[in-house]
Amino acid sequence: GEDVEQSLFLSVREGDSSVINCTYTDSSSTYLYWYKQEPGAGLQLLTYIFSNMDMKQDQRLTVLLNKKDKHLSLRIADTQTGDSAIYFCAETGYSTLTFGKGTMLLVSP
Amino acid sequence: DTAVSQTPKYLVTQMGNDKSIKCEQNLGHDTMYWYKQDSKKFLKIMFSYNNKELIINETVPNRFSPKSPDKAHLNLHINSLELGDSAVYFCASSPGLAGGHEQFFGPGTRLTVL
């Protein structure tokens, strides 16, 4: 079955880079996503990568995909306190997304 | 304009009661979903509907019954509420079945069963 794994917690200082890692099992996933959930809010799509890409950059966000190892990472450059949130990795199934358990990112001043 | 809205935002009720949560999307999407997020923030799909037809029905107790009167609405009715039903329930929608389609999430309904 599909399974998506993430580390549960990451703490960084403001201005540092944050790297959130994710592993998935479904090799047929065509898209892989990163969603952000701020406290008390719903999930919001941050970025996504198509499975035939190795890297995607979008301003402070860099997504790396190692399809052979089924490993996805999200790098946030110059992390700000406003980036504190839970970050969910998700892979596509036939008709829905399978989410990881989320990584709580805590950014301290 | 709110894209995906849910009511109520908070719901506190006693065990054994029946309650409903409503969801509406004004994005013209064909597909809608219900997710459950437990206290540890684990997010699991419960149901998905495409053009008012049930596509996914994960292992969810029969006490949960979704209803889609039209493409813009997907309501969730829960019978005989139990303590373990306490969670945040998120509605979402997407242009089509997931697979290249972004899902847009509602703000969530926090259900507390006493």
Side-chain angles (χ1 to χ4, degrees), chain A residues 1-10 20 22 24 26-53 56 58 61 63 65 72 84-106, chain B residues 2-7 9-10 21 23-25 27 29-51 53-60 66 74 87-110:
Chain A
E2 300 157 352
D3 199 14
V4 180
E5 297 287 340
Q6 299 177 238
S7 54
L8 293 183
F9 188 74
L10 176 65
I20 303 172
C22 170
Y24 61 97
D26 187 358
S27 57
S28 66
S29 290
T30 49
Y31 289 88
L32 294 138
Y33 299 84
W34 284 104
Y35 278 80
K36 177 182 180 183
Q37 184 180 28
E38 294 182 353
L43 278 71
Q44 188 174 18
L45 181 67
L46 267 185
T47 186
Y48 67 93
I49 188 166
F50 190 50
S51 60
N52 68 354
M53 297 169 65
K56 180 179 179 182
D58 183 2
L61 305 178
V63 179
L65 175 61
L72 182 73
S84 292
I86 301 175
Y87 291 79
F88 290 91
C89 166
E91 63 174 355
T92 51
Y94 160 65
S95 56
T96 190
L97 299 176
T98 300
F99 286 90
K101 292 180 171 58
T103 298
M104 179 174 289
L105 174 65
L106 181 64
Chain B
T2 304
V4 182
S5 58
Q6 296 178 226
T7 53
K9 190 169 173 62
Y10 300 96
I21 308 172
C23 178
E24 176 181 1
Q25 53 95 3
L27 298 166
H29 288 168
D30 286 341
T31 312
M32 295 185 73
Y33 311 82
W34 276 110
Y35 288 88
K36 179 181 179 181
Q37 187 175 43
D38 64 22
S39 58
K40 293 182 180 162
K41 304 297 184 184
F42 301 160
L43 193 68
K44 292 208 73 173
I45 183 72
M46 298 174 71
F47 303 102
S48 84
Y49 271 71
N50 190 56
N51 281 319
E53 287 190 24
L54 180 65
I55 301 297
I56 288 178
N57 181 356
E58 290 294 313
T59 309
V60 175
L74 181 63
V88 181
Y89 292 84
F90 286 100
C91 177
S93 73
S94 64
L97 293 173
H101 292 297
E102 176 184 355
Q103 291 191 16
F104 293 78
F105 282 77
T109 295
R110 182 175 293 278

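All values derive from a computational prediction rather than experimental measurement. The sequence lines fix the lettering, A, B, ..., with proteins before strands; numbering per chain opens at 1.
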Heavy-atom distance under 4.5 Å to chain A: side chain of [X], backbone, both or neither?
X         : answer
Gln37(B)  : side chain
Ile45(B)  : side chain
Phe104(B) : neither
Lys9(B)   : side chain

Problem set entry | Main-chain N/O of Gln103(B) paired to Tyr35(A) side chain as donor or acceptor, under 3.5 Å | yes
Problem set entry | Side chain / backbone / both / neither for Leu43(A) at chain B, heavy atoms under 4.5 Å |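 For Leu43(A), backbone and side chain are both near chain B.
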For this session: Look up atom OG1 in Thr47(A) and atom CD in Glu102(B), then write down how far apart they are to the nearest 0.5 Å.
Result: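 Reported to 0.5 Å precision, the distance equals 10.5 Å.
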Exercise. Does the side chain of Gln37(A) come within less than 4.5 Å of Phe90(B)'s, by heavy atoms?
Worked result: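 Phe90(B) vs Gln37(A): side chains touch.
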Exercise. Near Lys44(B) NZ, under 6.0 Å, is it more than 12 heavy atoms from other residues, nucleotides or ligands?
Worked result: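 No, not enclosed.
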Exercise. More than 12 non-hydrogen atoms from neighbouring residues, nucleotides or ligands closer than 6.0 Å to CE on Met46(B), yes or no?
Worked result: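 Count over threshold, so yes.
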